[in-house]
Each structure stands twice: as structure tokens, then as C-alpha cells.
Asker: 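Before I ask anything, here is the structure I am working with.
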Amino acid sequence: MKSHPQEPQTAAAPNFSRRTFLQGVGVTMALPWLESLPGATAASAAAIDSDEGKAAAFPKRFAVLFMVCGVNPDHWWAEGAGSEMKLGKTLEPLAPLKGKLNVINGLFNKKSTGQGIHPAQTGNLLTGVSFSKGAIIHSGISVDQVIANHVGQDTIQPSMVLACEQPMTGYHESNFSNAYSSHISWQNADSPVPNEMYPSLAFDALFENRGSLRNLSVLDRVKDRASQLSRKISATDKVKLDEYLSSVRDIERNIERMRDHKDKATDRARDKGRPLFTMARPDNGLPEDLREHARLMCDLIALAFQTDKTRVASLILARDLSALYYPFLDVREAHHGASHTDTSEGYERIARFHLSQMAYLAKKLDEMPEGEGTVLDNSCVMFMSNMLSGTRHDNKKVPIVTAGGLGGTLKTGRVLNYLEAGDDNRKLSSLYLGLMDRVGVKLDSFGDADTRLAGL
């Protein structure tokens with residue numbers, strides 16, 4: 001009888017668990033979605049239900065990007081639907097993602113109206129509750145942290161809370177604490193979540209870089225596992241894996257450079273006998289170029305979502321009463337001052353710059369395949385400000401745009417208008433209730449709302 005050569009092992013045969021990771025010394029990284037390992041996804045995406053034999057949903061992620069003091073209202077508009085949607089100048093960076101957007105107009109946070117300007121318009125943006133003047137701060141748990149408490153048990157880090165600008169101390173003239181101006185994420189009614197401003201420290205938290213591990217590349221720590229996997233997957237998936245590892249390494253190189261700046265700044269501050277946070281940028285070790293800082297923070301969120309290190313993130317691009325400068329936009333005034341002429345071309349460029357950070361993050365997520373869609377399709381990235389007009393400090397309606405469909409549970413490609421719906425039907429907290437429903441958090445009420453946003 002003629003013998004036949006043994007058939008090569010198929011790509012689906014390796015005995016990898018259905019939730020596959022790259023593991024090494026002190027670090028675990030979830031894999032991106034690979035076709036030849038249908039059970040190996042960023043987070044048990046194709047985990048088979050023993051009773052029904054159906055694939056479980058991919059993990060859902062939620063991110064908030066915040067820019068203070070409103071937008072240029074003349075250029076913040078959208079009309080139409082899907083690929084035919086027309087966008088105002090400020091929203092143009094999102095044009096490639098029209099079919100995955102929702103531009104939401106007319107919502108407001110009633111508890112922050114009539115309380116004064118700035119801190120009172122920011123401190124409860126994601127909580128929707130009344131807050132206190134004076135020495136004792138009080139807001140409420142924020143929507144991102146409610147979601148993190150629900151999904152965070154499945155990840156290394158429940159959430160990422162990032163910022164590109166240092167927080168303020170003291171009090172505003174309205175007698176509200178400047179803590180309200182500096183934080184949007186709250187772990188409970190009395191405690192905002194500290195913002196991480198240093199990319200290197202955010203990276204270290206994600207990848208468990210402690211002690212001597214800071215000097216060992218993440219990829220070096222998982223290279224043996226990566227090599228084993230590379231030999232057992234299809235050629236197409238090997239390219240995907242190589243691209244994935246290269247992207248991790250690119251970010252790690254940038255982080256190493258930022259870590260060096262941070263360490264030198266810490267030494268300078270110690271030599272001067274000053275706390276690091278009192279030093280001005282870049283002497284405080286933060287990137288001098290805001291463009292670099294914002295992009296790197298977005299890279300970290302994208303990497304965290306792809307590696308399933310966390311599924312919840314917030315990023316303050318510019319805090320309330322922002323002192324950020326934009327010489328690369330040919331704007332001489334700091335952010336807060338520029339917002340007082342919000343219809344100027346200069347302030348429109350500021351708003352478009354910050355909106356472009358959302359576009360950058362959303363596009364990165366949309367370039368990450370996951371099942372028949374992308375990581376963005378299983379996420380919701382929300383950009384918002386605390387008011388529409390900085391000139392008038394008008395927060396009776398706030399600008400909001402979202403990208404991503406939360407695993408098909410959120411219809412996209414729409415412009416939603418609620419301004420004429422009546423105050424009880426246009427609450428930000430009603431939007432949050434609807435979004436939380438879609439990630440499995442079912443609440444009877446949140447903030448000042450006990451109904452879901454109609455038409456979401």
C-alpha cells in the first residue's frame with residue numbers, strides 16, 4: 001500500500017485556549033483578532049456558549065475625549081445621514097468615518113446650568129448630579145467609572161484616566177473648587193479619579209512595568225510565546241501579528257523617550273527643591289509639543305483597547321480654564337482667552353485640532369480588524385465639551401459626537417437633534433443611560449435622568 005506524506009497541520013489545530021494571550025515576565029497581552037485562530041481574540045470574542053453553541057460578542061469599549069470652553073458654533077454642524085452626511089469645518093476630520101458617527105445636538109446637563117461659569121459647568125459633566133461649593137467637593141460617580149466597575153473585572157486595569165494638561169488647585173471666583181475644572185472622571189461622589197498626564201507612567205501601568213521590568217522591552221518579555229504562535233498561524237495572520245507587535249514597539253520607543261524626559265525633569269525639580277507639578281512645561285517632563293502629547297495618549301488608548309488591558313478610557317485634551325497655547329495653529333492667546341472670541345477662525349482651528357484627536361483615535365481603532373468588523377465597531381468613542389459657546393459661557397446645549405456602534409447595538413451614521421424636544425427629553429444623563437444599557441449596565445436612573453434618550 002502506497003504511503004502518503006502527512007498533511008501539514010491546519011492553522012486551526014494548535015491547542016491554544018479560546019482566549020489567547022502573549023505572556024512573558026510580568027506582562028500579559030491579549031492578541032488581536034486572527035482568522036486562523038477563531039477562538040483567539042482580544043477577549044474571548046468567539047468563546048462558545050456550551051448551551052447554545054453560539055459565539056459570544058466581542059468586548060465593548062467606551063472612551064470619552066473632552067475639550068473645554070466650547071467650539072466655534074458657526075462651524076459645528078452636520079446634516080444628512082451615512083456616507084451622504086455633510087459636516088461643518090470643525091467636524092471635517094471625521095469625514096472618512098461618516099457612516100460610523102452620531103452627531104448629537106441639543107443635549108444639556110441641567111444641574112450645571114445657573115450655577116456660575118467654568119467649574120460649575122464641568123465638574124458634573126459625566127455625573128449629572130448637583131455639586132457643592134466650598135471646601136468639600138461633591139459630584140457623583142461618572143458614567144465611565146460605572147461602566148468600568150461593570151467590565152473592569154475582566155481586564156488588568158479597570159479604566160484609563162488621562163489628561164494633557166495639569167490640574168488646578170484652589171477655588172474659582174464662583175466659590176467652586178478648581179478640582180471640578182480639572183477632572184471629569186469620578187470614582188465616587190467625593191473623589192475624582194486622578195488624571196495621568198505622563199505617557200510613560202500610563203504605559204507602565206498598562207504593562208505592569210515595575211522596578212527592573214521598566215528596562216526590559218515588553219516585546220522581549222513575550223517573544224517566546226509570539227514565536228510559538230507565529231509558527232502555527234496562517235501567513236495572513238502572521239503579517240497581522242507582525243504588524244501588531246511592530247505597533248507596540250513603535251509606541252514603546254516613543255514612551256522610552258518620554259520616560260527619559262520625565263526622569264530628567266524629576267531630577268531637576270529635586271535639585272531645585274520644588275514639587276514636579278509646579279514646574280512649567282516642558283521642565284515638568286511633559287512633551288513640549290501638544291500635538292505629540294495628544295497623539296501619544298490616543299495611541300495608548302488604542303493599544304489598551306486592542307490588547308484588552310482596559311475597556312474604558314477618558315482623556316482631557318484641554319481642561320477647564322485651559323492655559324494651553326497653540327503656536328502651531330497661529331493662535332497667540334491661550335485656550336481660555338481664545339474661547340472668549342469663539343467665532344474667530346483661530347478658535348475654530350483650536351476646536352478642529354482637538355476634534356482631530358478623536359478622528360485619529362477612531363481611525364486607529366477602525367484599522368484593527370475584529371471578526372467581521374473592527375475594534376471601533378465594538379466601541380463608542382465620544383467627544384464632548386462643557387458648553388457650546390465660550391463667548392457667552394452657554395451650556396444650555398453641548399457639542400457631542402460619537403464614533404462606533406458598540407457591537408451593533410448603537411445605530412450610526414446619523415445626526416440627532418433634541419433642542420426642541422423639551423428639557424426633560426434632552427438630558428445628557430439620558431444619553432448615558434442608553435449607552436450603559438448597551439454595555440450591559442442596567443440602571444433605573446443615573447444623574448438627573450430616569451428615562452433613556454429617545455431615538456438613540
Side-chain angles (χ1 to χ4, degrees), residues 60-68 109 111-112 118-132 137-153 155-169 176-199 201-202 205-206 277 293-294 297-298 300-302 304-305 309-322 354 357-358 361 379-387 398 400 402 428-429 431-433 435-436 439 441 443 446-448:
K60 296 173 182 174
R61 298 91 161 181
F62 178 67
V64 180
L65 276 64
F66 171 74
M67 182 203 78
V68 74
N109 186 14
K111 297 291 186 179
S112 68
H118 292 299
Q121 296 179 315
T122 307
N124 63 353
L125 191 64
L126 296 182
T127 71
V129 301
S130 299
F131 45 15
S132 304
I137 59 173
H138 181 90
S139 180
I141 187 169
S142 53
V143 59
D144 62 314
Q145 292 305 302
V146 173
I147 296 173
N149 288 342
H150 179 72
V151 305
Q153 59 189 347
T155 57
I156 294 294
Q157 192 169 316
S159 70
M160 296 178 73
V161 179
L162 308 175
C164 290
E165 189 172 10
Q166 291 178 307
M168 296 185 295
T169 58
F176 281 102
S177 170
N178 283 330
Y180 294 128
S181 288
S182 303
H183 302 86
I184 60 171
S185 183
W186 291 72
Q187 56 195 356
N188 56 52
D190 304 317
S191 302
V193 182
N195 301 324
E196 182 54 72
M197 295 173 294
Y198 290 95
L201 296 183
L206 281 180
F277 73 88
H293 195 180
M297 291 305 209
C298 290
L300 287 171
I301 293 173
F305 282 5
K309 287 293 188 177
T310 192
R311 299 174 188 172
V312 180
S314 65
L315 171 59
I316 295 177
L317 294 163
R319 60 155 166 78
D320 189 22
L321 294 164
S322 175
H354 286 294
Q357 309 314 309
M358 179 205 180
L361 172 58
S379 304
C380 176
V381 180
M382 180 170 69
F383 177 95
M384 64 191 316
S385 188
N386 58 342
M387 63 186 79
V398 298
I400 298 174
T402 69
L428 271 174
S429 291
L431 168 64
Y432 303 153
L433 279 172
L435 293 177
M436 286 189 286
V439 295
V441 180
L443 300 179
F446 181 78
D448 63 347

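Values below: every heavy atom of this structure, side chains too, minus hydrogens, waters and symmetry copies.
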Asker: Any heavy-atom pair between the side chains of Tyr180 and Ser132 that's under 4.5 Å?
Answerer: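 They are in side-chain contact.
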Asker: Checking Thr402 side chain against Cys380 main chain: does a donor-acceptor pair fall under 3.5 Å?
Answerer: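 Judged by distance alone, no pair lies under 3.5 Å.
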Asker: Can you find a heavy atom in the side chain of Leu65 that is under 4.5 Å from one in the side chain of Leu361?
Answerer: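 Yes, at least one pair of side-chain atoms sits under 4.5 Å.
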Asker: For the residue pair Phe383 and Gln357, establish whether any side-chain heavy-atom pair is separated by less than 4.5 Å.
Answerer: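 Side chain of Phe383 against side chain of Gln357, heavy atoms only: no contact under 4.5 Å found.
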Asker: Test side chain to side chain contact (heavy atoms under 4.5 Å, CB included) on Met358 and Val381 and set out the steps.
Answerer: CA-CA 8 Å; Met358 179 205 180; Val381 180; 4.0 Å; yes
Asker: Measure the shortest side-chain to side-chain distance between Pro158 and Val312 over non-hydrogen atoms and say whether it is less than 4.5 angstrom.
Answerer: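 Of all side-chain heavy-atom pairs linking Val312 with Pro158, none is under 4.5 Å.
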Asker: Rounded to the nearest 0.5 Å, what separation is found between the CE atom of Met384 and the CG atom of Leu431?
Answerer: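 Between Met384 CE and Leu431 CG, I get 7.5 Å after rounding to 0.5 Å.
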Asker: Can you tell me how far apart OG (Ser177) and CZ (Phe131) are? Round to the nearest 0.5 Å.
Answerer: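 One finds 10.5 Å between OG of Ser177 and CZ of Phe131.
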Asker: Do Trp186 side-chain atoms and Gly123 backbone N/O form a donor-acceptor pair below 3.5 Å?
Answerer: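 Yes, because the side chain of Trp186 sits within donor-acceptor range (under 3.5 Å) of the backbone of Gly123.
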Asker: Does Ser182 reach the main-chain N or O of Ala179 with its side chain, forming a donor-acceptor pair under 3.5 Å?
Answerer: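 No: the side chain of Ser182 does not pair with the backbone of Ala179.
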Asker: Is it the case that the side chain of Asn124 and the backbone of Thr127 share a donor-acceptor pair, with hydrogens and angles ignored and the cut-off at 3.5 Å?
Answerer: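 Here the side-chain-to-backbone pair does not exist.
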Asker: Please determine whether side chain to side chain contact (heavy atoms under 4.5 Å, CB included) holds for the pair Phe66 and Leu126, giving the CA-CA distance in whole Å, both sets of side-chain angles, and the decisive distance to 0.1 Å.
Answerer: CA-CA 11 Å; Phe66 171 74; Leu126 296 182; over 6 Å; no
Asker: Atom CD1 in Ile147, atom CE in Met436: separation rounded to 0.5 Å?
Answerer: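 Here the rounded value is 6.5 Å.
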Asker: Treating Glu165 as the side-chain partner and Arg319 as the backbone partner, does any N or O pair qualify as donor plus acceptor under 3.5 Å?
Answerer: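 Checked: pair present.
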Asker: To the nearest 0.5 Å, what is the distance between CE (Met168) and OG (Ser322)?
Answerer: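 The CE atom of Met168 sits 9.0 Å away from the OG atom of Ser322.
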Asker: Using 0.5 Å steps for rounding, measure from the CG atom of Asn109 to the CG atom of Leu428.
Answerer: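 The CG atom of Leu428 is 5.5 Å from CG of Asn109, to the nearest 0.5 Å.
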Asker: Do Asn386 and Val68 have side-chain heavy atoms sitting under 4.5 Å apart?
Answerer: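 Counting from C-beta outward, Asn386 and Val68 do come under 4.5 Å.
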Asker: Heavy-atom count check: over 12 atoms from other residues, nucleotides or ligands less than 6.0 Å from Lys111 NZ?
Answerer: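 Incorrect, the count does not exceed 12.
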Asker: Between Glu196 and Met160, is there a donor-acceptor pair closer than 3.5 Å when you use the side chain of the first and the backbone of the second?
Answerer: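 No, because the side chain of Glu196 does not come within donor-acceptor range (under 3.5 Å) of the backbone of Met160.
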Asker: Using side-chain heavy atoms (C-beta onward) and a distance below 4.5 Å, is Gln145 in contact with Val161?
Answerer: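 Of all side-chain heavy-atom pairs linking Val161 with Gln145, at least one is under 4.5 Å.
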Asker: The test is side chain to side chain contact (heavy atoms under 4.5 Å, CB included); show your working for Leu315 and Cys298 and say whether it passes.
Answerer: CA-CA 8 Å; Leu315 171 59; Cys298 290; 4.1 Å; yes
Asker: Got Val64 and Phe62 here, is their nearest side-chain heavy-atom distance under 4.5 Å?
Answerer: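 Yes, their side chains come closer than 4.5 Å.
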Asker: Any chance you could measure Ser385, atom OG, to Leu125, atom CG, to the nearest 0.5 Å?
Answerer: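 The CG atom of Leu125 is 8.0 Å from OG of Ser385, to the nearest 0.5 Å.
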Asker: Counting C-beta onward and ignoring hydrogens, is there a side-chain heavy-atom pair between Val146 and Leu443 closer than 4.5 Å?
Answerer: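 They are in side-chain contact.
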Asker: Do the side chain of His293 and the main chain of Met197 share a donor and acceptor less than 3.5 angstrom apart?
Answerer: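 Here the side-chain-to-backbone pair exists.
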